[in-house]
2 protein chains.
Amino acid sequence: MGKCEQCIIKQFNSLKALTKDELVRISGCKTSRTIKKGEVIFEEGETLNGVYCVKDGICKLSKLSENGKDQIVKMVVKGQLLGQRSLISEEASNLQATALNDMEVCYIPKSEIFADLQKNSKFSMEVLKDMAHDLRDSDDIIVNMAQKSVRQRLAETLVYISDSFGTNPDGTLSVLLSREDYANIVGTATESAIRVLSQFKKEGLISTVGKYIKIENSAGLKRIE
Amino acid sequence: MGKCEQCIIKQFNSLKALTKDELVRISGCKTSRTIKKGEVIFEEGETLNGVYCVKDGICKLSKLSENGKDQIVKMVVKGQLLGQRSLISEEASNLQATALNDMEVCYIPKSEIFADLQKNSKFSMEVLKDMAHDLRDSDDIIVNMAQKSVRQRLAETLVYISDSFGTNPDGTLSVLLSREDYANIVGTATESAIRVLSQFKKEGLISTVGKYIKIENSAGLKRIE
DNA sequence: AATTTAATATGATATCTGTCATGTTTTATT
DNA sequence: AATAAAACATGACAGATATCATATTAAATT
């Protein structure tokens, strides 16, 4: 099993602020785990007793709405931490995490990391910054949801996914989402998401290779209003 | 000018985690200020060099959308801190703050409080919890925006405002918002907000006393779907 | 390979919401 | 008090989106 001290993944998250000693200690109590595509990592209302450090893959964080739809609030990729917020607030999770890919994660028990949060101010500052950033993102999402059309939101989502999670060698988006997932990010009916994507295809803004989507005209997508 | 050590307001926010010494020091460099209703406290893009501790009154945090609407993202009342996030992320504010009432605030320079954030882990944990809570709220707002109707959102907003900010002796909501404000919270056109409120009135769910709104049937509002 | 199931696609229609127009009431200003 | 300006209200209509129905295609299972 890999050692945290040597793990390059931590460069991308708050764990980089930990000292070598702290990392060695955490390394001793962490557990590595593989999560299969579609598997639920934790559910809404579940109490988390630690955080996940995502070594590979991607997952969605979603919240069930009263009308039965599963609104996707955020996506967490390789390099990021999962479950930070619940850890800090010491409340049950308000979101469900589901793997979108096969994932590799390390699970770090709360007991270990919580102590570091209080002792190592560099670490807590990093976590603070992380959350400040998430809050800013949330504000943007709220404004988009409230003020933009489904067409606009979907166009922006495609560009966001491309920019944030990258593309395959053939130019298709590396994250494979169902039309239902797209609908649940954008906050619309699955049929509407399908319709808009078909429209984008007709307009030459995107193309599809099997289930994969390729952005053909990024500027065009950004121009939509 | 009041002293932070003796100020009861701090009980309601993270500042309560500061030591007496830290409070005395902050007290020495803070500035008290009165802000008039309608006044802009800080603008989107402005760099904040401190945080505001709200001693009295209420303000809205909003973000201008591309279509010219000013989406209200959060309201900050007496007892809460304003500008925490920008302080932590060390970025310009992504939101505008505007007073909804006459307000009384204390302004604490960044230099002072930033040091405490790194030295006093109890304080930084409080701020962390605060932000974790805000993030949870944001998730709920996103889901509401994405999945609920204007009618539902407006009903929930009325109940939220009543529960969070209280009522006057005659039962009217103590926070006085324009119909445009309601529209900007809910994310709809001003005319739509007006229409829905008129509808609520016809249905006996609310009544109005001048510009003030009184909830007549809270259960009814919660039942809307 | 055949069958079942799930995902994608598209049409028809109803509903919701935004926009524009216009009128009324309230508030601010002279 | 008179006037101007802002806020509130409501109708008419258009456009966006949800819902329901029904194909079609792709993926999973037997």
Side-chain angles (χ1 to χ4, degrees), chain A residues 36-38 65-71 98 100 143-158 172-173 175-203 206-214 224-225, chain B residues 36-39 65-71 98 100 143-155 157-158 172-173 175-203 206-214 224-225:
Chain A
K36 289 214 188 83
K37 179 178 170 173
S65 78
E66 285 153 31
N67 64 18
K69 300 233 164 153
D70 201 42
Q71 180 66 38
T98 314
L100 289 168
V143 176
N144 285 347
M145 286 292 178
Q147 307 286 354
K148 294 184 178 170
S149 67
V150 168
R151 196 175 147 80
Q152 274 177 298
R153 281 180 272 153
L154 191 42
E156 284 181 19
T157 298
L158 290 170
T172 56
L173 300 182
V175 178
L176 185 58
L177 295 173
S178 68
R179 305 295 145 116
E180 192 181 359
D181 283 329
Y182 279 108
N184 290 343
I185 292 172
V186 164
T188 191
T190 306
E191 296 95 321
S192 297
I194 290 173
R195 244 180 272 268
V196 174
L197 285 173
S198 300
Q199 193 60 32
F200 285 169
K201 209 169 153 183
K202 270 183 202 153
E203 296 170 29
I206 63 169
S207 63
T208 51
V209 184
K211 294 194 57 162
Y212 286 88
I213 291 175
K214 183 176 176 182
I224 286 177
E225 52 182 289
Chain B
K36 289 214 189 82
K37 180 180 170 172
E39 196 178 321
S65 76
E66 284 154 29
N67 64 18
K69 299 233 164 154
D70 201 40
Q71 181 65 39
T98 314
L100 289 169
V143 176
N144 285 348
M145 286 293 178
Q147 307 285 354
K148 294 184 179 172
S149 67
V150 168
R151 194 175 149 80
Q152 274 176 296
R153 282 180 270 152
L154 191 42
T157 298
L158 289 170
T172 56
L173 301 182
V175 179
L176 185 58
L177 296 173
S178 68
R179 305 294 146 118
E180 192 181 0
D181 282 330
Y182 279 108
N184 290 342
I185 292 172
V186 164
T188 191
T190 305
E191 295 94 323
S192 297
I194 289 174
R195 241 180 275 268
V196 173
L197 285 174
S198 300
Q199 193 61 33
F200 286 169
K201 208 170 154 182
K202 270 184 202 153
E203 297 171 28
I206 63 170
S207 63
T208 51
V209 183
K211 294 194 57 162
Y212 286 88
I213 291 176
K214 182 177 176 182
I224 286 176
E225 51 182 287

Quiz item: Over how many whole Å does the gap from A:Arg179 atom CZ to D:dA26 atom P extend?
Solution: 12 Å
Practice problem: Specify the residue among B:Gly210 and A:Ile194 whose closest nucleotide of DNA chain C lies further upstream toward the 5′ end. | Solution: A:Ile194
Quiz item: Nearest-Å distance, NZ (A:Lys202) to C1' (C:dT10)?
Solution: 9 Å
Practice problem: Using a cut-off of strictly less than 4.0 Å, decide whether A:Ser192 has a side-chain nitrogen or oxygen near OP1 or OP2 of D:dA18. | Solution: yes
Practice problem: For residues A:Leu197 and A:Leu154, determine if any side-chain heavy atom of one lies less than 4.5 Å from a side-chain heavy atom of the other. | Solution: yes
Quiz item: Closest nucleotide of DNA chain C for A:Ala146 versus for A:Ser198: which of these residues is on the 5' side?
Solution: A:Ser198
Quiz prompt | Basic-acidic side-chain contact under 4.0 Å: B:Glu225, B:Lys148 | solution = no
Self-check item: Protein-nucleotide distance (B:Arg151, atom CZ; C:dG18, atom P), rounded to Å
Solution: 15 Å
Quiz item: CD of B:Gln147 versus P of C:dT17: gap in Å, rounded?
Solution: 13 Å
Exercise. Round to a whole Å and report the spacing from OH of B:Tyr212 to P of C:dT26.
Key: 16 Å
Quiz item: Should B:Lys211 be listed as having a side-chain N or O under 4.0 Å from OP1 or OP2 of D:dC8?
Solution: yes
Quiz item: To the nearest Å, how far apart are B:Glu191 CD and C:dC20 P?
Solution: 9 Å
Quiz item: Would you say the side chain of B:Arg195 and the base of C:dG18 hold a donor-acceptor pair, judged only by whether the two atoms sit under 3.5 Å apart?
Solution: no
Quiz item: Are any of A:Ser178's side-chain N or O atoms less than 4.0 Å away from OP1 or OP2 of C:dA7?
Solution: no
Quiz item: Do the side chains of A:Tyr182 and A:Thr190 get nearer than 4.5 Å, heavy atoms only?
Solution: no
